[in-house]
Structures are given as structure tokens and as C-alpha cells.
Amino acid sequence: MAFAHTGSVALLGVDGVVVEVQADLEPGVAAFTIVGLPDKALSEAKDRVRAAVVNSGEKWPQRKLTVGLSPASVPKSGSGFDLAIACAVLAAAERLDPAAIAKLLLIGELGLDGRVRPVRGVLPAVLAAVDAGYDQVVVPRQTEAEAALVPGVTVHGVRTLRQLIALLSGQPPTEEDADTDADRARDLPDNALAGLSLPGLGVRSRADETDLRDLADVAGQYEARRALEIAAAGGHHLFLKGPPGAGKTMLAERLPGILPPLTRQEALEVTAVHSIAGLLPAGRPLVREAPYCAPHHSTTMPAIVGGGSGLPRPGAVSLAHRGVLFLDEAPEFPVRVLEALRQPLESGEVVVARSAGSLRLPARFLLLLAANPCPCGRWSRRDEQCDCTPTMVSRYQNRLSGPLLDRVDLRVEVDAVTRLELLDRDATAETTAVVAARVLAARERAAARLVDTPWRTNGEVPGHELRTRWRLVPGALQDAERDMERGFLTARGLDRVLRVAWTTADLAGLDRPGRDEVRTALALRTGFNRGLPGPGR
């Protein structure tokens, strides 16, 4: 038989499209052609596959060979099609049974020596395969644990093309493959992992830290600590403004520690994004903790929102999905970058359009902004130490636009730490574990209330639902109504106040918010301090 086909996956952002890999052999001058919109890395598969087949002890067919990737209109990129192309060619040359590979989906890059090297994006690729009806996939052995996270599919992990040929032919593995597995059992270094995980990119998780940062390390800042707890419990965005050295970055770095562990579905979503970005650490195929992404203020628009040449790649907003996006020195970020955050803050996703195609990427993150009060950082309402002119202060603070800050639920002035707070240890300061337990209890309370809805946290609930479906204590909105009449609060601001009030009530164990909870939400929203009742001090 001169024709055979099998399956593979083309990744478009975090979504996968199943691709049928077809191989056709015809009489004629020996040639190898790949059609179906391959990119440069995929076009080079011709040389990789030929060398891998020959070095695996197989004979390369000396005929005209055409490999087609269908659907032809979908752009294909990367080296993950190598394994499928090799098997399709060998089946067309009658070295393998075409029926044995017709219902398989194969993912993996081939080295010139026939080794199967891992590629990024295995988890979303296997998810796409299951959605398309495949129940058996073949992946590189190094990513077998990642593929096995998807239920309802049988995963075969292979290290060499020769091992896969033996598996499909019903033959026992060779001695060379047995030696490779023995090396793996002894934890010997595997340079096939090179390039699978990319360093840096400003993303970390709690599992990456050798010493977990504790909230008790923060000196003073009781109001900011309380706001941090509310932000974690309800998924509310937070803005910290204060002088250098007040502890804004310390607070931000401890926010992931009080967030609850990711649910199974959330963990799969985060893992899919990090797998494509090359951020999955070896030996930890599933991201169980909330990610923390802190890009530098010189980061470009594509790196924040997503983009790049060809098809867009996930940016910082997607890498922080279900976690924290921290923008330190927020006014120093380009205005275009900051304004681009407005749409994902509302929708929880970002749509990136390029000439090669449009992608929808997940971006439901908790935004934490930090800023100095002025360029020199010493401006305040209480002293005259600032050297900046009023125009300089106003221009600096206006870099964060009103529409952007209107989407931020909590705004806190962080004062400079006093000598007493810094040098005298506060025995009443709560640890991360204590606050995290309270946050988890509040999240569970909110989840029970929202069980029949598509939302899980108070920060996701639309304002219309809060105003009509879940009522507050009668008279609780008196202060909020007065602020709206005075122009201190917009319609969106009222919705944000309601969300924060429900979170405050959940933290206090109340069935519904009263006037005190609404006052707390207003104080954190407008800056007019009406008191912050509740735990944390």
C-alpha cells in the first residue's frame, strides 16, 4: 500500500486542532515534499525524519514522497509532527500496518539518531485529541505524566522511534531501550529535555521557593494586609500607593501564599498555558499553586498581552491566569500597555488578532498595582519633604488612567514604616497560614452561594446579579448611595463595592453584608476611611 495516515495536533494558542498526517508514495524521482502550510521548523522535518528512520535501522523509501497536513488551511508550526510523519511514511512503505496507526495520535520531535524528544504544549494537544474522539496517544516519555493528566485516554510514552516501531509491530523492546529506561530510573541527566522548559519570563509559583515568604515578615501595614486578605478571598484587583520601602513589593510577593490551591479544572487551565510557554518544571507536570507573574516595566505590549511573529503566543496576562499579575512601578509602564489591560480585566480573556490568525487566550488574573506617590517618592499629605512640583506630581499620578483604576476594587495608601513597627517585633502579626485558612473558608462560603452559577468568586459576579439576586441588609447602601449622588462613585464603582462587601461578609461568616461591610468596601474603594472592621489586626 502506497498511502497511510495518522493524527497529530496543531496548537493555536492554548487550543489544539487535530491534523491528519497523510503520506503518499508514488513512482518517480526520489523526493520529499511537505504540504499544508508548514512553518520553517516543520519544513525541516524532512531531514530530521529521514535521518531518524535510517538510524533506527529502517530503510528509507526511494520514491516520490508527499506528506500532506490536513486541514491545509490551518497554519502548522513546530517540530511536534515529526513522529506522526515518520510513522505515516513507514506505513505507506508497508513497514508498519496502516490500520495500527490510523486511530493513533502522535506527538513528538525526532532527533537525527531516532530519539523522541519532548515538545511544549502536550497537555492542550492531548485535550484536543480527546475532544476529537481519540482514545490512544503516543508522546515522548518525558511528557508522559503531563499527557496522563487528561482522563479518558491511553497514553504511550516512547523514547525512541525504534521502540515505537516495536510497540506497533507487537515486538519486545530492544536492549538499547531497556538500558535507556534503566538510566531514567537512576535519574541520570537527560539532555533531551533541553529547550522544553524556558528559563525566566518572570513567572514563579510557591513550589519554586526554597523558603516560603511569610506575611508575618511585613512590618506594620495593617490596612494593606487587610486589603490583601480581601483581594485573595474575593478575587479583587488591588492598588497599593506609597513611598519606597513601605513594603508594597513584600505584600505583593506574599499574596500568592494566601490564595487557595487551584481546583483540578483551574490547574489544567494553568498547566496548558504554561506548557505552551515552556514554563513547566521537570518532574512537576501539573501546576497546583496560583502562578505569580511580575514583568519589568520595560516589557513590551506583545509580552504583556500576548503576540509575537506569526501566530500569537501567551503573554503575561495569560501566564498569570488564575494567579497574580504584579505591576511594580505601574506608572512607569507604557500607557498603551496599561490601557490594554482594561478588556481582560472585565472579560477574563484576551483576544489577539494577527494577520496569521486570531486567538482567544485565558486571562482571569488578580491584578496588583504598586506605585510611588510622585517621581521622587516622598510626596504625602502630611509633610513637605517632596521636591516635585504640583505639575510633576499630577502628571505622574495621571499615568494611571481613571478608566483603568475604575476597574480596580481596592485602593490603599501605604504609609512609611515607623521605627517602632520596624524594630519591635509584633507578636500579633498573623502568619500566611492563618490568613490563608481564613481566605479558604471565605472562598468556600462564596462557592456554596454561587454553586448554581457560572461564577466561583465574588469578583466575577456581574453587578446586575448582585443588585437583584442577592440582597443586602435593608439600609446597608445608605453611604454608597450618598457617594454616588456626590459623584465619588460611578455605576461600575457601586458594583465593585457590592462585590467587596460580600467578600467582607464571607470573611466575617455573615449571611449577607450590612452597613459595616459596605462602609469597609467604600473605604477601600474611595479612600475615605469609615473604619475597617474585621480580623487582621
Side-chain angles (χ1 to χ4, degrees), residues 215 217-228 230-231 236-255 294-299 325-339 341-342 367-424 426 429 483 486-490 493 496 520 522-532 536-537:
L215 198 57
D217 298 336
V218 180
Q221 308 302 358
Y222 299 107
E223 183 177 346
R225 288 165 59 99
R226 175 63 170 156
L228 206 71
I230 294 175
H236 305 290
H237 307 303
L238 174 62
F239 175 39
L240 300 176
K241 183 170 72 172
K248 302 185 297 294
T249 303
M250 287 186 67
L251 287 163
E253 290 176 341
R254 283 149 181 80
L255 178 55
H296 189 261
H297 61 256
S298 63
T299 307
L325 177 64
F326 176 47
L327 301 187
D328 199 4
E329 307 294 344
E332 301 297 338
F333 281 79
V335 174
R336 288 180 62 249
V337 172
L338 293 173
E339 296 304 304
L341 297 176
R342 287 158 55 178
L367 177 65
L368 202 161
L369 301 170
N372 295 327
C374 67
C376 75
R378 297 192 298 270
W379 181 88
S380 71
R381 299 187 182 95
R382 290 176 291 276
D383 54 53
E384 303 294 335
Q385 297 180 1
C386 178
D387 297 328
C388 304
T389 65
T391 302
M392 293 171 60
V393 174
S394 176
R395 184 183 298 116
Y396 184 82
Q397 294 183 352
N398 287 338
R399 291 181 185 177
L400 300 178
S401 69
L404 175 62
L405 291 180
D406 200 35
R407 290 165 167 81
V408 178
D409 304 355
L410 310 172
R411 308 171 192 175
V412 178
E413 294 273 354
V414 181
D415 296 328
V417 181
T418 64
R419 178 189 62 82
L420 184 63
E421 291 173 332
L422 187 62
L423 299 180
D424 291 353
D426 186 1
D483 282 356
R486 296 175 178 175
F488 297 149
L489 201 63
T490 64
R496 304 283 177 172
T520 298
L522 282 170
L524 291 170
R525 173 77 183 178
T526 63
F528 300 141
N529 194 350
R530 297 172 174 86
L532 294 179
R537 183 163 184 171

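- Residues Leu524 and His236 have side chains not in contact (no heavy-atom distance under 4.5 Å, counting atoms from C-beta outward).
- Within the 4.5 Å cutoff, side-chain heavy atoms of Asn372 are placed close to those of Tyr396.
- The two residues Glu413 and Lys241 have their closest heavy-atom pair at OE2-CE, 3.2 Å.
- Rounded to the nearest 0.5 angstrom, His237 NE2 and Leu369 CG are separated by 9.5 Å.
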- Item | side-chain contact (heavy atoms from CB on, under 4.5 Å) assessment of Leu228 paired with Leu215 | CA-CA 10 Å; Leu228 206 71; Leu215 198 57; 3.9 Å; yes
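- In this structure, Asp387 and Pro375 have side chains that are not in contact, with every pair of non-hydrogen atoms separated by 4.5 Å or more.
- Taking every heavy atom of both residues into account, Ala224 and Leu251 meet most closely at CB-CD1, 3.6 Å.
- Here the SG-CE distance, from Cys386 to Met392, works out to 7.5 Å after rounding to the nearest 0.5 Å.
- In this structure the side chain of Val337 never reaches within 4.5 angstrom of the side chain of Thr299, judged on heavy atoms.
- Looking at every heavy atom in both residues, Val218 comes nearest to Arg225 through O-NH1, 3.9 Å.
- Applying the side chain to side chain contact (heavy atoms under 4.5 Å, CB included) criterion to Ser298, with sequence neighbours excluded, gives His296.
- Residues satisfying the side chain to side chain contact (heavy atoms under 4.5 Å, CB included) criterion with Asp328, sequence neighbours excluded, are Thr249, Phe326, Ala370.
- Minimum interatomic distance between Pro295 and Phe333 (heavy atoms only, all atoms of both residues): O-CZ, 3.5 Å.
- Taking the side chain to side chain contact (heavy atoms under 4.5 Å, CB included) definition, one finds that Ala246 meets it with Gln221, Pro243, Val414, sequence neighbours left out.
- Between Val393 and Cys388, the shortest heavy-atom distance links the atoms CG2-CB, 3.8 Å.
- Here the straight-line distance linking atom CD1 of Ile230 with atom CG of Asp409 works out to 10.5 Å at 0.5 Å rounding.
- By the 4.5 Å heavy-atom criterion applied to side chains, Leu327 and Leu367 are counted as neighbours.
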Name each donor-acceptor pair under 3.5 Å that joins a side chain in residues 399-407 to protein atoms two or more places apart or in another chain, with its distance.
residue : atom : partner : partner atom : Å
Ser401  : OG   : Glu339  : OE1          : 3.4
Ser401  : OG   : Glu339  : OE2          : 2.6
Ser401  : OG   : Leu404  : N            : 3.4
Asp406  : OD1  : Thr490  : OG1          : 3.2
Asp406  : OD1  : Arg525  : NH2          : 2.6
Asp406  : OD2  : Thr490  : OG1          : 3.3
Asp406  : OD2  : Arg492  : NH1          : 3.0
Arg407  : NE   : Arg342  : O            : 3.4
Arg407  : NH1  : Pro403  : O            : 2.8

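- Leu240 contributes atom CG, which lies 13.0 Å from atom CE of Met250 (distance to the nearest 0.5 angstrom).
- From Leu489, atom CG reaches atom CG of Leu522 across 6.5 Å, with rounding to the nearest 0.5 Å.
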